[in-house]
Chemist: 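Just passing along the structure, written as structure tokens.
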Number of protein chains: 2
Amino acid sequence: MFFVSLIPIRSGSPGEDSERSDAARNRERLLVAARELLDECGVDSLTMDKLAKRAGVGKGTVFRRFGSKAGLMMTLLSDAEAEFQGRFMFGPPPLGPGAPPLDRLVAFGHARIGYLLEFGDLARAADQSVYTKLEVPATLLWHRHVELLLRAAGMTADPWLMAIFLGATLDPERLLYAVRVQDVAPERLAEAWTELVTRVVGKA
Amino acid sequence: MFFVSLIPIRSGSPGEDSERSDAARNRERLLVAARELLDECGVDSLTMDKLAKRAGVGKGTVFRRFGSKAGLMMTLLSDAEAEFQGRFMFGPPPLGPGAPPLDRLVAFGHARIGYLLEFGDLARAADQSVYTKLEVPATLLWHRHVELLLRAAGMTADPWLMAIFLGATLDPERLLYAVRVQDVAPERLAEAWTELVTRVVGKA
DNA sequence: ATAAGAACCGGACCGTAGTCCGTTTAGCTC
DNA sequence: GAGCTAAACGGACTACGGTCCGGTTCTTAT
């Protein structure tokens, strides 16, 4: 009932069954071109027109494949995202199972901060889609993860909503803004997170 | 050094000195037209072209006056925003001065939730401007307000960053999403906020 | 009143995300 | 291997926010 698939980002992997050969070829070309463009000019300067041109396909093909720019970013992010998901769900403690819930919560925030420092631009572009930001499967998954940790740590008052509140704190856009524009050291973010969740989970 | 002007939203008020008569007339026309369009079709369907047409001015005039769509929204919001600012800075307790810091924090969140339920669409449109979201003077002001309340309540660990974290929770987009899409009752949001800040300020 | 110049005006123009639909092609069947 | 069909293709098109600049209008000084 609460299952969320582990790698639900988008079908960017070639494993997709029954795909025409030209479609597969073009998808591959597009992904290659997209990574090149990202290296060269960053997320914001990557336009769908440039991408189509670089990959040698029509613009329509780009959108058929990925649905939107956000969809493309999700695809590009899917490997890193899956790895991250694997770490907090199945990896070694304190991030993975085995450690006390509060320790896992703390570790989760730290890991997410690190993840966003590395892939935050992609994540920001993948999220931004006005009202669907929170409907991205990957987001649903880690929100639920936080909720379960809150419950395990003994929180009884609306852990679902509290997870959303805490999740707001780890928003890519805000975090990147803090680090890049406000010049907040990542360690400081991590400490504040520790402080926050420790107090929220309460007396421990 | 930490002064933030109370009504810094944007010079939408007619008090602006030395403004040419045609400019003043057009600004007034634009504001009237904008409110009409907002009533008729909502924030998202209000386009700058429609607005210019409705007001009987050129598109360039709209942008010269308000700078951007976000700027227009700020102007439209400025009265409500100023009133809100006045309430939490000078109004009666527990929102205004006189009550214990924690009570004021709780009241602030509740008031902001109410504010966003009423003006959230405008606020969302006014904020959204990729990287400047947190540089809006009004936002700086209430973040600082929260920071000062945290300090007053005895928090010593990075109250500035903690205020930003708590502020993320009161983001227009997230709040509206919770209420409208996830169907969370406003009272539930208020309770969760109470729970959150009570725990964060902690039993000292 | 008039002339000069600053401020303002308007709409053509641009870049971008996303859509549409007539055309092409891969892959299956006979 | 010819023919058929569904899938994929591509690029012209739309909608929107935002910019630019030649022309117009208000204001002020004389």
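Lettering follows sequence order; numbering is per chain, from 1. For the numbers below, each heavy atom of this structure counts, side chains included, while hydrogens, waters and symmetry mates do not.
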Chemist: Between A:Glu40 and A:Arg54, is there a side-chain N and carboxylate O pair less than 4.0 Å apart?
Modeler: yes

Chemist: Identify which one of A:Arg144, A:His143, A:His145 satisfies the side chain to side chain donor-acceptor pair (under 3.5 Å) criterion when paired with A:Glu147.
Modeler: A:Arg144

Chemist: Judged by each residue's nearest nucleotide on DNA chain C, which is more toward the 5′ side, A:Arg25 or B:Gly58?
Modeler: B:Gly58

Chemist: May I have the distance from A:Arg65 (atom CZ) to D:dG10 (atom P), rounded to whole angstrom?
Modeler: 10 Å

Chemist: Using atom CG of A:Asp22 as one end and atom P of C:dG27 as the other, report the distance to the nearest whole Å.
Modeler: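 Distance check: A:Asp22 CG to C:dG27 P gives 7 Å.
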
Chemist: With nearest nucleotide decided by heavy atoms, which residue, A:Gly60 or A:Ser45, maps closer to the 5′ end of DNA chain C?
Modeler: A:Ser45

Chemist: Taking A:Arg124 first and then A:Asp121, would you say they form a salt bridge - that is, a charged N and a carboxylate O separated by under 4.0 Å?
Modeler: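 Looking at A:Asp121 together with A:Arg124, the answer is yes, because their closest N to O distance falls below 4.0 Å.
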
Chemist: Could you state the NZ-P distance from A:Lys59 to D:dT14, rounded to the nearest angstrom?
Modeler: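 It works out to 13 Å between those atoms.
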
Chemist: Between A:Arg64 (CZ) and C:dT24 (C1'), how many Å, whole number?
Modeler: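 Taking atom C1' of C:dT24 as the reference, CZ of A:Arg64 is at 12 Å.
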
Chemist: Considering only side-chain heavy atoms of A:Ser68, which listed nucleotide, C:dA17, D:dG18, C:dG18, is closest?
Modeler: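 My answer, after comparing the listed nucleotides, is C:dG18.
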
Chemist: Counting only side-chain heavy atoms from C-beta out, which of D:dT27, D:dA7, D:dG17 sits nearest to B:Lys69?
Modeler: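 Ranking D:dT27, D:dA7, D:dG17 by closest atom to the B:Lys69 side chain puts D:dG17 first.
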
Chemist: Provide, to the nearest angstrom, the distance between the CE atom belonging to B:Met48 and the P atom belonging to D:dT19.
Modeler: 10 Å

Chemist: If each of B:Ser21 and B:Phe63 is mapped to the nucleotide of DNA chain D with the nearest heavy atom, which maps nearer the 5' terminus, i.e. the 5' end?
Modeler: B:Phe63

Chemist: What's the CG-C1' distance between B:Asn26 and D:dT25, to the nearest Å?
Modeler: 11 Å

Chemist: Measuring from the side chain of A:Asp49 (C-beta onward, heavy atoms only), which nucleotide among C:dG11, D:dC9, C:dA17 has the closest atom?
Modeler: C:dA17

Chemist: May I have the distance from A:Leu46 (atom CG) to C:dA17 (atom C1'), rounded to whole angstrom?
Modeler: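 About 12 Å, once rounded to whole Å.
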
Chemist: Taking the basic N atoms (NZ, or NE/NH1/NH2) and the acidic carboxylate oxygens, is any pair closer than 4.0 Å for A:Glu191 and A:Arg188?
Modeler: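 No.
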
Chemist: May I ask you to check whether A:Trp142 and A:Phe108 place their ring centers less than 6.0 Å from one another?
Modeler: yes

Chemist: Between atom CZ in A:Arg20 and atom P in D:dT5, what is the gap in whole Å?
Modeler: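 Whole-Å distance recorded here is 15 Å.
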
